[in-house]
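Here is the naming used below: chain letters follow the sequence lines, and residue numbers restart at 1 for every chain.
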Amino acid sequence: MALSLYNTRTREKQLFEPLSPGRVGMYVCGPTVYDFAHVGNARPVIVFDVLYRLLKKSYEHVRYVRNITDVDDKIIAAAEQSGDSIDEITARTTEAYHEDMAALGALPPDIEPRATDHVPQMIIMIERLIARGNAYEADGHVLFAVETDKNYGKLSGRNRDEMIAGARVEVAPYKKDPADFVLWKPSTGEQPGWESPWGYGRPGWHIECSAMSREYLGMTFDIHGGGRDLVFPHHENEVAQSTCAHDEAEFARYWVHNGFLTVEGEKMSKSIGNILLVRDILAGAPGEAIRLNMLSSHYRQPLDWTEGGVTESRTILDRWYRAAADAEPLACDAVIEALEDDLNTPKAIAALHELSNAASQGDALAAGQLRGGANLMGLLMKSQSAWFKGLDATEYDISFMNKLAEPLPEIAERIDEQVRQAIDKWDEMSGEQQGTIYELCINLLIDFRKLAREHREFQTSDIIRDLLLEANITLEDGPDGTTWRRTV
RNA sequence: GGCCAGGUGGCGGAGUGGCUACGCAGCGGCCUGCAAAGCCGUGGACACCGGUUCGAAUCCGGUCCUGGCCUCCA
């Protein structure tokens with residue numbers, strides 16, 4: 001194992017060596033649960049999922065912690081707007097998040113702590129910071145005094161003069177120094193809050209990650225990840241809080257940050273109205289296609305999300321599923337090597353293309369390596385038939401059976417009575433039953449078409465093929481007969 | 001304004017001082033009743049201007065452009 005990662009703190013690629021041999025701790029900043037996840041939220045999840053899978057391959061004990069931020073002013077605002085309670089909003093958003101990330105093939109983290117379950121730990125940390133002189137109470141708030149931390153700014157590479165010069169937001173009057181940030185703030189009325197030595201209130205944003213990483217990974221741990229946008233101020237502040245509260249013990253050893261994402265060339269924003277939700281993309285494309293598209297550029301590069309890109313990823317997966325068939329996954333050195341080089345997923349994908357080409361030409365070893373290499377990235381996880389025929393899908397379309405009568409009455413008449421009855425009861429059937437009938441109907445038409453072709457009645461055979469194509473089913477005539485696949 | 005990334009063929013996207021990246025799309029061919037899939041072949045790039053070098057897309061300087069962050073905001 002020779003994994004190297006680009007460390008934001010040192011600004012260079014470094015060989016990864018865990019603090020304790022065979023043991024890796026990784027903390028990734030998770031979602032603030034006030035709305036559905038958008039593509040931008042999905043990028044770190046997928047990137048760190050690949051890293052997690054890679055680490056698990058090489059280290060016996062990997063502990064992946066990803067938090068849920070369930071106390072935040074945006075959640076309070078969402079509750080006020082919708083009229084739903086904060087608990088309702090966070091519960092349903094968390095559930096939706098889990099569904100979406102699972103659909104993208106992301107493994108759940110080992111521990112998913114919620115901020116609201118760790119307020120006592122945050123209070124202890126804040127008390128310690130006050131005792132050490134790194135924090136002060138002012139006007140019901142507790143603030144971190146940035147000037148007490150001589151290392152402040154190192155992670156993000158900025159000095160205090162620059163920060164003050166660049167400040168464009170009005171400084172709150174209770175701050176001693178404009179750079180100071182909130183550890184605890186007062187809550188009133190309906191706002192969520194907890195009793196504390198500083199009165200009824202709630203934690204600032206940054207302290208939760210310091211408290212929860214301490215709780216589950218210890219004072220010093222290996223990898224801390226998140227989006228680039230979090231480097232400042234969020235991660236900078238985490239470092240300050242944690243190192244000061246822990247007597248200068250090192251905090252995260254490797255900082256890994258993924259790049260930003262635009263949609264069709266534009267920055268996602270509410271004002272443009274182009275916030276692209278993961279669920280909406282999932283309605284039109286398989287999770288693996290979304291995942292491959294996400295991994296097709298290097299995680300530190302900017303990524304422009306386009307519909308065309310998703311379609312291309314899907315085409316590629318079709319090729320790979322065809323080439324790999326249902327080969328047993330084998331270790332794939334080319335992919336491992338690429339991923340160990342700072343998660344070079346595009347290079348890994350190039351290696352998979354080469355294996356796919358070899359496998360298509362009958363190389364069984366390559367087929368296994370293709371499966372194995374792709375699996376390491378959370379791709380090619382399905383069976384070939386599940387991918388192409390989609391019999392694990394939730395929606396089936398058998399409209400082609402009803403359209404049969406007009407162009408081909410003689411065939412429509414010959415449809416078995418049992419099948420006809422089954423079609424009539426379509427709406428009462430379970431998804432699984434529908435899948436069975438769906439497959440049965442397709443095979444029935446393939447049989448009719450075979451007859452027509454044997455009699456060289458190509459017009460009839462082409463009508464059948466076109467009918468199915470309208471229902472997004474593509475027929476392919478091969479040397480061993482006709483096969484079908486779903487194309488949407 | 002400050003700090004930080006990045007600008008590679010029609011598109012996506014690695015790489016990096018001298019060796020075809022790779023893929024999608026396109027074009028030609030094989031196969032097929034026709035398709036689809038597959039296979040074979042094929043053109044096409046390194047933002048701009050200087051410099052260093054035997055040699056630069058790759059290093060240095062400058063210019064232009066794009067994106068991110070700049071204190072409770074993702």
Side-chain angles (χ1 to χ4, degrees), chain A residues 8 11 29 31-32 34-35 38 40-41 43-44 69 72-74 141 143-144 146 152-153 156-172 175 177-183 185 203-207 226-234 236-237 257 259-262 265-269 292-293 295-298 300-304 306 308-309 311-316 318-320 322-323 338 341 344-354 356-357 360-362 388 452-453 456-459 461-462 465-466 469 474-479 482-485 487:
Chain A
T8 305
R11 274 148 233 281
C29 290
T32 300
Y34 70 105
D35 205 351
H38 57 65
N41 302 131
R43 169 114 105 147
T69 299
D72 184 275
D73 288 358
K74 287 193 296 296
H141 295 67
L143 293 129
F144 185 91
V146 163
Y152 192 81
S156 55
R158 48 189 87 201
N159 61 53
R160 285 185 19 81
D161 293 343
E162 283 163 13
M163 284 184 269
I164 293 162
R168 62 182 182 195
V169 177
E170 219 172 301
V171 177
K175 288 188 179 180
D177 185 305
D180 294 349
F181 58 91
V182 169
L183 297 171
K185 58 184 158 189
W205 173 35
H206 316 295
I207 193 72
R228 265 202 99 72
D229 53 314
L230 297 178
V231 176
F232 190 88
H234 185 51
E236 191 70 61
N237 292 354
H257 292 101
F260 234 58
L261 185 142
T262 52
E266 279 183 315
K267 182 182 171 175
M268 260 199 296
S269 80
L292 176 60
N293 194 235
L295 296 175
S296 68
S297 66
H298 185 87
R300 281 192 279 120
Q301 293 295 113
L303 169 59
D304 185 32
T306 62
T311 307
E312 186 179 326
S313 294
R314 199 195 163 117
T315 304
I316 291 166
D318 281 346
R319 271 179 71 87
W320 288 355
R322 224 170 253 129
D341 181 13
N344 193 335
T345 52
K347 202 171 168 188
I349 290 167
L352 292 176
H353 279 301
E354 281 172 26
S356 167
N357 290 338
S360 300
Q361 291 166 63
F388 283 119
R453 294 181 73 217
R456 302 193 69 78
E457 291 166 7
F458 295 121
Q459 208 180 347
S461 74
D462 287 350
R465 189 168 61 193
D466 291 345
L469 194 61
T474 300
L475 296 189
E476 294 174 355
D477 301 324
T482 301
T483 56
W484 64 275
R485 64 186 164 100
T487 40

From the list [options], which nucleotide is the closest neighbour of the side chain of [X]?
{"X": "A/Lys267", "options": "B/G12, B/C24, B/C69", "value": "B/C69"}
{"X": "A/Ala350", "options": "B/G13, B/A21, B/G23", "value": "B/A21"}
{"X": "A/His353", "options": "B/A14, B/A25, B/G23", "value": "B/G23"}

Taking only the side-chain nitrogens and oxygens of A/Lys74, find out if one of them lies under 4.0 Å from OP1 or OP2 of B/C73.
->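 Looking at the OP1 and OP2 atoms of B/C73, neither is under 4.0 Å from any side-chain N or O of A/Lys74.
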
If only side-chain N and O atoms of A/Asn293 are considered, is one of them under 4.0 Å from the OP1 or OP2 phosphate oxygen of B/G12?
->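 So the side chain of A/Asn293 is outside the cut-off, no N or O lying under 4.0 Å from OP1 or OP2 of B/G12.
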
To check you understand the geometry: which heavy-atom pair defines the closest contact between [X] and [Y], and what is its length?
{"X": "A/Ala338", "Y": "A/Ala348", "value": "CB-N, 3.5 Å"}
{"X": "A/Pro302", "Y": "A/Ser297", "value": "O-OG, 4.3 Å"}
{"X": "A/Phe388", "Y": "A/Asp318", "value": "CZ-O, 3.3 Å"}
{"X": "A/Lys185", "Y": "A/Pro203", "value": "CE-O, 4.3 Å"}
{"X": "A/Pro346", "Y": "A/His298", "value": "CG-N, 3.5 Å"}

Measure distances between side-chain N and O atoms of A/Glu312 and base N and O atoms of B/G23, and say whether any donor-acceptor pair falls under 3.5 Å.
->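 Side chain to base: pair present.
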
Who is the Watson-Crick or G-U wobble partner of B/A5, with both distances under 3.5 Å?
->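 Matched B/A5 with B/U66 under the 3.5 Å cut-off.
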
Along nucleotides 31-40 of chain B, 5' to 3', which nucleotides get a B, which get an S, and which get a -, given that the test is a protein heavy-atom distance under 4.0 Å?
-> --BBBBSSSS

